[in-house]
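Since the structure comes first, as structure tokens, the remarks are kept for the end.
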Amino acid sequence: MRMSNFFLPTLREEPQDAEIESHKLMLKAALLRKVAAGIYSYLPLGLIALKKVENIIRDEMNKIGAVELLFPAIMPKELWEETGRWFIYGDEMFRLKDRKSREFCLGPTHEEAVVDLARNEMRSYKELPKTLYQIQTKYRDEIRPRFGLIRAREFVMKDAYSFDASDDSLEETYNKIYHAYTEIFKRCGLETIPIEADSGAIGGKVSHEFVVESEVGSESDYVFCPKCHYASNIEAAKSSITAEESSEDTNELTKVETFDFKTIEEVSQFLKVEKSKILKSLLYKLDGEFILALMRGDDELNEIKLKNLFNAKNISQATGEEVLKTMGANVGAIGPVNTKVKIVLDKRIIGMKNFITGANANGYHFLNVNMGRDFKEENIYDIRNVKSGEPCPKCGTPIELRQGIEVGHAFKLGTKYSEKMHATFLDSEGKEQFYIMGCYGIGVGRTLQSVVEQHHDVHGIKWPVSIAPFQVEILPLNSSDSEINNFSEELYLDLTNKGFDTLLDDRLDASAGVKFNDADLIGIPIQLIIGKTFKKDKKIEIKIRETGEKLQLEKGSLELFLKTYFSKELQKLHKNNSRGAI
RNA sequence: CGGGAUGUGGCUCAGCUUGGUAGAGCGCUUGGUUCGGGACUAAGAGGUCGUGGGUCCGAAUCCCACCAUCCCGACCA
């Protein structure tokens, strides 16, 4: 590609709208432009890279026997009513009407579409297992789009859906996908960690997230055990810490005035006690029912755990008014003593004695509150967030808290959707069975941006060869020198003929500095510099973007050098790959 | 939705406190010079200062409302 024909409006200044490096670089290097919050145009360079990621995904999905198809982005309301998700999805779903007022949505995901297809077109266990996938643009009206493609409202996603006849078969499918994902991300140059996760709105039993380690935001918080490599999303991470049995005598319940001190922090300072002696009382509303959640003052509630405990669809903290009405006191003065509201206790408070709680009267707290005596000892579960340094639930080693970007997610769905939509097949005994399903997503744009996030320096992007938009960029430095230009042109045609994806910076009005800087910015792995070195000894100067290394070569030995370099680099992205084709 | 911030030529920003002719750098156009790490020079083009209302003789500047965008939380590939 000649740059004069290409479209590459690189930016000189730091884009004002971008905060994190990868986002800035994608705008600066002319991969992307924003059209609205969370909605982006892919410019040519970005599109090429995106397609490369897509093709790696295709390749690995096809290897495990998955089949590509394409569902519509627009789907009718009726389909989504069958599963109830027309309502469950709420404001996050982009909705629209056609000219006859029939209602549609822009698909945020495609379980409904695939199950509909399966129930109409598949009949027999003989057709199973089957995995279908697509690479599609999805639409979610995110509460807060962020960081460019990391969380967009329109985004490209690869989603796969599996249909199995038995749990064992699903297990096998799931494992194949799991390995394919590991391979996909590795080939993109990303180190990912598979972590145990909550299954969220999609539903289902088992799920794994594939997370790219990154400082960026706190897109996905997870715990990681450095010893046994237990890794879990913070939402799903099990708390294995328990309080020691207190040796204190139980003292008499005492009501004290605490005036306007409300928060755990304030009360602990005012009463001069550790935060851990105070019982945190939070009133929640789960599908309309009020629940008082109790945990140690220095712990945090894990809403997902609480929600899952009651199989609730919706969870929200009670509003100030609801708290007053239900508990008879304001937030900050409530507690479990003398209340009819259902309570849930975090298991870490077992064994604790004489703690402090709100008295359900504004301005007052109780001292020496004790479980069993002052309130019922019931509904004891793990409802807190795990903290850094706590024992790993598997091996006891202190765990680490880490964060990253979730680039993939695999779910075992079971029969959740096939039952709701009555999607069945006949088993070998002629009996009707629900499909046992799984679904598996990869955020393609997000993966692309994660690559940029992990492969850059102060000058720009350093593409892994597997997804670099071009392999080679030729920089003729003095555009008024016909010898340089002619040679560069010749070299360009030669490399292109030999099958190298080559970009020729043939801009006449760009100075050497501009060409160097743009080349580093857009991050093509190999730069071929045609300038002084060429004028002097007819040699090509090679700069390897990844390492900054420079060397000089005769034109005759260039092809071998390039072939060797690219195959070596590609090898690296495959190493540790012991798995053959399945 | 709660908290914080921003909105001025294509881009990055100054001007606003203290109201009075709308600025800079980069980019763009034309000519000349240059040519290995974001060149120099001369001449140009380009903005109803986010939108609407208000105060005032007069508003980019003060007041009100709205909108958009970014950051922190709830949501998620």
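Chain naming here is simple, since letters A, B, ... match the order of the sequence lines and numbering starts at 1 in each.
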Specify the residue among A/Lys532 and A/His23 whose closest nucleotide of RNA chain B lies further upstream toward the 5′ end.
A/Lys532
Report which part of the nucleic acid A/Ser480 touches: base, sugar-phosphate, or nothing (heavy-atom distance under 4.0 Å, all strands).
base
On a whole-Å scale, what distance lies between the C1' atoms belonging to B/C71 and B/C28?
33 Å
Sticking with atom P, work out how far B/A39 lies from B/C26, rounded to a whole angstrom.
10 Å
Between B/C35, B/U6, B/C70, which nucleotide gets closest to the side-chain atoms of A/Ser479?
B/C35
Out of B/C76, B/U6, B/G38, whichever nucleotide has its closest atom nearest the side chain of A/Arg140
B/C76
With a non-hydrogen cut-off below 4.0 angstrom, is A/Asp159 in contact with a base, only sugar-phosphate, or nothing?
nothing
Could you tell me the separation between the CZ atom of A/Phe411 and the P atom of B/A77, rounded to a whole number of Å?
5 Å
Quiz item: A/Arg144 side-chain donor-acceptor pair to B/C76 base, under 3.5 Å:
no
With a centroid cutoff of 5.5 Å and a plane-angle limit of 30°, would you call A/Phe155 stacked on B/A77?
yes
Look up atom CD1 in A/Ile467 and atom CG in A/Asn55, then write down how far apart they are to the nearest 0.5 Å.
11.5 Å
Categorize A/Lys535 for me: base, sugar-phosphate, or nothing, with a 4.0 angstrom heavy-atom threshold over every strand shown.
nothing
When you measure from the side chain of A/Phe147, which nucleotide among B/C72, B/G25, B/C70 comes out closest?
B/C72
Kindly point out which of B/A39, B/C70, B/G36 is positioned nearest to the side chain of A/Glu19?
B/C70
With the threshold set at 4.0 Å, does a side-chain nitrogen-carboxylate oxygen contact exist between A/Lys416 and A/Glu111?
no
If you look at every strand shown and take non-hydrogen atoms under 4.0 Å, does A/Asp17 touch a base, only sugar-phosphate, or nothing?
sugar-phosphate
Using a cut-off of 4.0 Å on non-hydrogen atoms, how would the nucleic acid contact of A/Lys28 be classed: base, sugar-phosphate, or nothing?
nothing
Under the criterion salt bridge (charged side-chain N to carboxylate O under 4.0 Å, His left out), I'd like the reasoning laid out for A/Asp520 against A/Lys543: C-alpha separation, chi angles, the key distance, then a yes or no.
CA-CA 10 Å; A/Asp520 286 348; A/Lys543 177 176 164 183; 3.1 Å; yes
Using a 4.0 Å heavy-atom cut-off across all strands, classify A/Gly531 as base, sugar-phosphate, or nothing.
base
Any strand is fair game: report the nucleotide pairing with B/C11 by Watson-Crick or G-U wobble, both distances under 3.5 Å, or none.
B/G25
Within the 4.0 Å heavy-atom criterion, would you say A/Glu92 contacts the bases, only the backbone, or no part of the nucleic acid?
sugar-phosphate
Pick the P atom in B/G9 and in B/A24, then give their distance to the nearest Å.
14 Å
At 4.0 Å (heavy atoms only), tell me whether A/Lys34 reaches a base, stays on the sugar-phosphate, or touches nothing.
sugar-phosphate
Within this structure, what is the SG-CD distance for the pair A/Cys188 and A/Gln454, rounded to the nearest 0.5 Å?
11.0 Å
Residue A/Ala36, side-chain atoms from C-beta onward, closest of B/A77, B/U69, B/G38
B/U69
How is A/Ala510 classified with respect to the nucleic acid when contacts are heavy atoms under 4.0 Å: base, sugar-phosphate, or nothing?
nothing
Does the distance from a Lys or Arg side-chain N to an Asp or Glu carboxylate O, for A/Arg58 and A/Glu54, drop under 4.0 Å?
yes
